[in-house]
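Just follow the structure's listing: the first ligand is 1, and inside any ligand the first atom is 1.
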Amino acid sequence: MPALSPRMHGIHASPASILRRRARELLAAGRDIIELSSGNLDFATPDHVIAAAHAAALRGETRYTDVDGTPDMKRAVRAALLRDHRLSYAQDEIIVCNGSTQALFNALQATLALGDEVIIPAPYWAPYLDQVRLSGGTPVTVPCSQNNGFKLRADDLRTAIAARTRWLIINNPVNPSGAVYSAGELSAIAAVLLQHPDIWILADGLYEHMVFGGIPAPTLSAIEPRLRPRTLTISGVAKSYAMMGWRVGYAAGPAALIGAMTRIQSQTTNSASSISQAAAVAALDGPQDLLSERASILRARRDRFAEIVNDCVDLSCEPPEGTFYLLVACAGVISKRSPDGKLIATDRDFAAYLLDHADLVVVAGEDFGLSPYIRVSFANPLPVIEEAGRRLKRTCDALR
Ligand code: PMP
């Protein structure tokens, strides 16, 4: 085969995509798999959103839209930012993308030169790293320990900043820990960033509404307006409105950066789907009660799953304040052996053990830069969580 680009060195398929495929194949092969690894919610996209997509298609909204999004979608994004964060953005400060994944990639492509550094708190959402590498940059991860709630401390940020630092990526709430930065914690981080005017800030708020404290998770440029001219605020409809497969995300930031991102998008994927944008308008403009209703369902599942986990020998977790993930500490299983004599040396071994012996698919800590942990999702109905819990307990008890 002719060679691939040197750019592909060290570039992996995203861990979530590998596990999703594996779970589907095992299910098809007849295994009684429970998928605790997925970023997919079990909730349905709301009916009024689906109806809006259908109506848009029937109206003939089946053509390319403006690259940076339909005027109506950009209006809806501006209104949502104002409603949720009191952030006011102009039409040319917004871009609509094929998922927030693309917004991130456009931004990194538009700004990074070879060898530029991007600070990424760990545990992290894995694609941040490979997106930085694909854009010529170098990811600099900063470990955020459980003692500090898996959150970046201002002092650790200060130490990580170097001459080549171009971006800080800050995700709130955090995938995979479910940690939620408070306004006070973000202010402390902002104070460090104010001393470094050449650093961009990428605030990824994709899970902003999946919080158990009532109000959307705060975002940096709302907390510290002086950072606004160099902050890119990213979000999307994927999680909040259970629209993972519709592929609509967006970013708000300075017009010059948004313009550069739009030029990249015009030459790569063009606009997000016209029909999905019409659906996203209905989601953002429509009734918002479902956000708190769904958050309270998730909260009950979180409480139960955390109870189950903490009941297992050698496992523990803190119930997170947001997202639909539990980060489970599994130091207690390391160095133990499975009933068939296999050594559990790493969290990846533990994840493999759970798959082989309990048909549970979980993500290993190695995949998000912090070990020994596993990430389990509670975006599953309670009876499924109960069954997963029984299997988890049985397989942990069987370790020697
Ligand atoms: N940021 C984080 C932290 C995520 O977990 C995800 C998806 N799981 C994304 C961004 C991208 O989501 P999407 O492209 O569906 O908007």
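- Contacts between S100 and ligand 1 below 4.0 angstrom, taking non-hydrogen atoms only, involve backbone and side chain alike.
- A salt bridge does not link K393 with D311: none of the charged nitrogens is closer than 4.0 Å to a carboxylate oxygen.
- The distance criterion of under 3.5 Å between nitrogen or oxygen atoms is met by Y207 with respect to ligand 1.
- Contact annotation: G39 has no heavy atom less than 4.0 Å from any atom of ligand 1.
- For Y128, every heavy-atom contact with ligand 1 shorter than 4.0 Å involves the side chain, none the backbone.
- Using a 4.0 angstrom heavy-atom cutoff, G99 counts as in contact with ligand 1.
- Under the 6.0 Å distance and 45° angle rule, R301 does not count as a cation-pi partner of F378.
- Cation-pi check for R228 over Y89 is met; the charged atom lies under 6.0 angstrom from the ring centroid and within 45 degrees of its normal.
- With ligand atoms numbered from 1 in the order given, ligand 1 contributes 3 (C) to contacts under 4.0 Å with heavy atoms of N171.
- The six-membered or imidazole ring of Y373 lies near that of F150, with a centre-to-centre distance under 6.0 Å.
- Ligand 1 places these atoms under 4.0 Å from at least one heavy atom of T101: 11 (C), 12 (O), 13 (P), 14 (O).
- When the options K239, R247, M244 are ranked by their closest heavy atom to atom 15 (O) of ligand 1, first place goes to R247.
- A salt bridge links R348 with D367: the closest approach of a Lys/Arg side-chain nitrogen to an acidic carboxylate oxygen falls below 4.0 angstrom.
- The N/O atoms of N98, backbone and side chain alike, include none that comes under 3.5 Å of an N/O atom in ligand 1.
- Electrostatic pairing of R158 and D155 counts as a salt bridge here, judged by a charged N lying under 4.0 Å from a carboxylate O.
- Atoms of ligand 1 found under 4.0 Å from any heavy atom of L206, numbered from 1 in the order shown, are 4 (C), 6 (C), 7 (C), 9 (C), 10 (C), 11 (C), 12 (O), 16 (O).
- The protein non-hydrogen atom at the shortest distance from atom 2 (C) of ligand 1 is D204 OD2, 3.4 Å.
- Side-chain contact between M243 and V248: absent, with no pair of heavy atoms (C-beta onward) separated by less than 4.5 Å.
- Contact of the T141 side chain with the F368 side chain is not registered, since no non-hydrogen atoms from C-beta on lie closer than 4.5 Å.
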